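This report concerns only the one structure given below.
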Protein chains: 2
Amino acid sequence: MKEKFVPDIVVKRLPWYLQTLNQMAREGLHTVSSIALADRVGTSGAQIRKDLSYFGEFGKQGTGYSIYFLIEQLQKILKVDRIWRVSVVGAGNLGRALTRYQGFANRGIDICLLFDNDPGLVGIRVNSLIVRHVDSMADDIQDMKVKMAILTLPSEAAQATADVLVGAGIQAILNYTPAALMLPKHIQVEHIDPVLQLQRMMYYLGEE
Amino acid sequence: MKEKFVPDIVVKRLPWYLQTLNQMAREGLHTVSSIALADRVGTSGAQIRKDLSYFGEFGKQGTGYSIYFLIEQLQKILKVDRIWRVSVVGAGNLGRALTRYQGFANRGIDICLLFDNDPGLVGIRVNSLIVRHVDSMADDIQDMKVKMAILTLPSEAAQATADVLVGAGIQAILNYTPAALMLPKHIQVEHIDPVLQLQRMMYYLGEE
DNA sequence: TAGATTGTTAATCGATTAACAATC
DNA sequence: TAGATTGTTAATCGATTAACAATC
């Protein structure tokens, strides 16, 4: 796959395309044009064609794209064509809810480790996992070659824990705490904070 | 507050500024320059000055911004200077975890309603709330004049439920399901899907 | 063949950055 | 006063869109 530099804003859209294509496949469709796909995703045909052109030529003039083939290609590009082991750090309400979340299994994600520092939580079972103590976190992550982690712990502990994770070989962190993490820039970080998203929407709400 | 049209990308950054300023206030700081704030947020001084200029003049040449004053102004702009009642729809693991989340209380958000359609969940207590049946959802939301909702239910039910919410006067929806919602464009929607964020990061992960 | 749709180039649009006069 | 930093304008940069030759 010859890949020139791809803007991050393009990479961000690929999972959306993939998800929509999977949905279309489930509906029994076989072929889709850039415009039909764009309508479903909420973008333009030109943008989809441009985005895909960073990675190769996947369509046929006159007929569009084979859904099955395009799914396969996008999975390769995003490296979703394998199972990634992911560790959840923090076994509070949110950490346990995510560990139990059914939506990961079919989409390339295997939650395989769950940690907490609360002795009252260590040892309990969540789904098929047993909560482990953070003391063994670095070792466990190295042993299992885990590359991604989800942070669901109190924000006071977020930075220190993230540092340990990076030291243990974690390359991507999905941060559910309100803390802004300072990490080497080769580490991928995504931040989820429902408060920030709700506040953005408040701007657009009518008075009373 | 004279407000020309403000690009959404600017509005999206305001909650970040607000959060960082609050953090600085907690650290005992009183004044900040655009560059000092930018360093903490991870942007540039020019961008912060430009963004703020859409709403007015809040700084002083030579000294920068009063943190306290700027927090006050941003809260007004975002309408975070009041408490917004929010309904959680779906009392599964994630819905209960969000209802219990401590981070909402001090940041302008009051989770005041929690719904489910499972008779086994209706009536149980989560924090100080009792799970109500979705049958009364439209009425309850209208009675309490709730304008924002958080969707944490199976994706099959997401669209139909969102339609009911909009009918009941909901103006902003934070969607935790993988479903893409089709709603009138005056309705604000934010989508949180950890799978999409993890997949984006997979692109950047090294092979093995 | 005629119609449809791709991949790509050039044109447009919008966002970020640089620069600096104004001024605290 | 001298130094610092704002608010704003103009220049740059990057992303989106329009258009169309190529071709299935």
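Reminder, nothing fancy here: chain letters follow the sequence lines and each chain counts from 1. No experiment lies behind these values; they were computed from the predicted model shown.
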Checklist outcome for this item: Pairs under 3.5 Å (Watson-Crick or G-U), crossing ones as [ ], inter-strand ones as |: DNA chain C comes out as ..||||||||||||||||||||||
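- Judged purely by atom type and a 3.5 angstrom limit, B:Asn127 has no side-chain atom pairing as donor or acceptor with the backbone of B:Leu129.
- A perpendicular orientation is assigned to the rings of B:Phe55 and A:Tyr203, their planes being inclined by more than 60° (bins at 30° and 60°).
- The nearest whole Å value for the distance from the CD1 atom in B:Ile48 to the P atom in D:dT5 is 14 Å.
- The side-chain contact (heavy atoms from CB on, under 4.5 Å) check on A:Asp110 picks up A:Ile83, A:Arg85, A:Cys112, with sequence neighbours excluded.
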Show me, pair by pair, the donor-acceptor contacts under 3.5 angstrom made by side chains of residues 156-167 of chain A, not counting sequence neighbours?
| from | atom 1 | to | atom 2 | distance (Å) |
| --- | --- | --- | --- | --- |
| A:Gln159 | OE1 | A:Met182 | N | 2.9 |
| A:Gln159 | NE2 | A:Asp163 | OD1 | 3.0 |
| A:Gln159 | NE2 | A:Met182 | O | 3.0 |
| A:Thr161 | OG1 | A:Ala157 | O | 2.7 |

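- By the side chain to side chain donor-acceptor pair (under 3.5 Å) test, B:Tyr68 pairs with no residue at all, sequence neighbours left out.
- With sequence neighbours excluded, no residue satisfies side chain to side chain donor-acceptor pair (under 3.5 Å) with B:Asn106.
- If you take CZ of A:Phe69 and P of C:dT6, they are 14 Å apart, rounded to a whole angstrom.
- Residues forming a side chain to side chain donor-acceptor pair (under 3.5 Å) with A:Thr43 (at least two apart in sequence, or on another chain): A:Gln47.
- Whole-Å rounding puts the A:Lys60 NZ to D:dT23 C1' distance at 12 Å.
- Residues of residues 34-42 of chain A having a heavy atom closer than 4.0 Å to DNA chain D: none are found.
- For A:Asp51 and C:dT8, the CG to P distance is 13 Å, given to the nearest whole Å.
- Using a 4.0 Å cutoff on non-hydrogen atoms, no part of residues 8-25 of chain B comes near DNA chain D.
- Computed from coordinates, the A:Tyr54 OH to C:dT9 C1' distance equals 13 Å when rounded to whole Å.
- Heavy-atom contacts from other residues, nucleotides or ligands closer than 6.0 Å to CG of A:Leu29 number more than 12.
- B:Glu57 places its CD atom 11 Å from the C1' atom of C:dT23, with the value rounded to the nearest Å.
- Between the NZ atom of B:Lys50 and the C1' atom of D:dT9 there is a distance of 9 Å, rounded to whole Å.
- Evaluation of the ring pair (Phe, Tyr, Trp, His ring centres under 6.0 Å) test over residues 89-114 of chain A, restricted to residues two or more places apart or in two chains, returns A:Tyr101-A:Phe104.
- Formation of a donor-acceptor pair under 3.5 Å by the A:Gln19 side chain with backbone atoms of B:Val195 is not found in this model.
- Listed by residue number, B:Gln61, B:Gly62, B:Thr63, B:Gly64, B:Tyr65 are the residues of residues 61-68 of chain B with a heavy-atom contact under 4.0 Å to DNA chain D.
- At whole-Å resolution of the value, CZ in B:Arg49 and P in D:dG7 are 8 Å apart.
- With sequence neighbours excluded, the residues forming a side-chain contact (heavy atoms from CB on, under 4.5 Å) with A:Asp135 are A:His133, listed by chain and number.
- Between B:Val134 and B:Asp116 the shortest side-chain heavy-atom distance does not fall below 4.5 Å.
- Applying the side chain to side chain donor-acceptor pair (under 3.5 Å) test to pairs two or more places apart or on separate chains, those with a residue in residues 24-36 of chain B are B:Gln23-B:Arg26, B:Gln23-B:Glu27, B:Glu27-B:Arg40, B:Ser34-B:Arg49.
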